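Reviewing the structure listed below.
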Amino acid sequence: MTIRNLFAQDGLDETLERISNLTPETKPQWGKMDVAQMLAHCNVAYDMALTAKYPISGKFKTFMISLLAKKAVVGPKPYPKNSRTAPDFLITDEREYEKEKAALIANLKKTHELGSKHFDGKTSVSFGNLSTDEWNVLFSKHLDHHLTQFGV
């Protein structure tokens, strides 16, 4: 697993290159999602960070989620294959590949454009305030896991 700095141009470029190697026919090496569902799944993290689509958890829920999952999400250890996902991230319906791919690319570019200062201390829907490094790990590690899942 490689944590790329998505706030830096080279980290963004490397990630966009990996995404460009996907096709609608790309098959997963593990898991149940097809490639369009995976792209939609990855977009959820950006929707949570960049929109008001998902409400911020209450203090008790944030505390419990942080206690149980924060280290796994923003820590250096890779996600295990076939690990459980949070309910908001479950994508089981059919998705349009080109639409989801374009949305993910736009989300990556928007995150890069906003820059690391925008995310320093920004409140996560699930974990409360995160540092720039924690946001970067959250985004980069999640993308790396799923792009690896699809062999790119």
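In this text the structure is predicted, and so the values were computed from the model without any measurement. Quick note: residue numbers are just sequence positions, from 1.
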Side-chain donor-acceptor distances from residues 10-21 under 3.5 Å, at least two apart:
from: D13; atom 1: OD1; to: Q9; atom 2: NE2; distance (Å): 2.8
from: E14; atom 1: OE1; to: R4; atom 2: NE; distance (Å): 2.9
from: T15; atom 1: OG1; to: G11; atom 2: O; distance (Å): 3.0
from: R18; atom 1: NE; to: V152; atom 2: O; distance (Å): 3.2
from: R18; atom 1: NH1; to: D144; atom 2: OD1; distance (Å): 2.8
from: R18; atom 1: NH2; to: D144; atom 2: OD1; distance (Å): 3.3
from: R18; atom 1: NH2; to: T148; atom 2: OG1; distance (Å): 3.2
from: R18; atom 1: NH2; to: V152; atom 2: O; distance (Å): 2.8
from: S20; atom 1: OG; to: E17; atom 2: O; distance (Å): 2.7
from: N21; atom 1: ND2; to: E17; atom 2: O; distance (Å): 3.2

What's the spacing between [X] [atom1] and [Y] [atom2] if we round to 0.5 Å?
X    : Y    : atom1 : atom2 : answer
T2   : L147 : OG1   : CG    : 11.5 Å
Y46  : L104 : OH    : CG    : 6.5 Å
M33  : T85  : CE    : OG1   : 7.5 Å
K32  : Q37  : NZ    : CD    : 11.5 Å
L6   : N107 : CG    : CG    : 12.0 Å
N136 : T111 : CG    : OG1   : 10.0 Å

Checklist entry - Got more than 12 heavy atoms from elsewhere within 6.0 Å of CD, E94? => result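 It does not: E94 CD has 12 such atoms or fewer within range.
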Where the side chain of [X] meets the backbone of [Y], is there a donor-acceptor pair that is under 3.5 Å apart?
X    : Y    : result
W135 : K122 : yes
K141 : G75  : yes
Q149 : W30  : yes

So which heavy atom on [X] is nearest to which on [Y], and how close?
X   : Y    : result
Y97 : V35  : CD1-CG1, 3.7 Å
F7  : S116 : CD2-N, 3.7 Å
A49 : F119 : CB-CE2, 4.2 Å

Checklist entry - Can S124 and M48 be said to form a side-chain contact (heavy atoms from CB on, under 4.5 Å), step by step? => result CA-CA 7 Å; S124 157; M48 287 181 167; over 6 Å; no
Checklist entry - Quick one: which of H146, E100, R95 gives a side chain to side chain donor-acceptor pair (under 3.5 Å) with H41? => result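 It is H146; the other options fail the test.
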Checklist entry - According to the interplanar angle, ranging from 0 to 90°, do the rings of Y79 and H145 count as parallel (below 30°), tilted (30 to 60°) or perpendicular (above 60°)? => result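 Geometry flag for H145 against Y79: perpendicular rings.
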Checklist entry - Does a side-chain heavy-atom distance below 4.5 Å link V125 with D88? => result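 No; the side chains remain at least 4.5 Å from each other.
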Item to check | S131 side chain near D120 side chain, heavy-atom distance below 4.5 Å | outcome: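 The answer is yes; the side chains approach within 4.5 Å.
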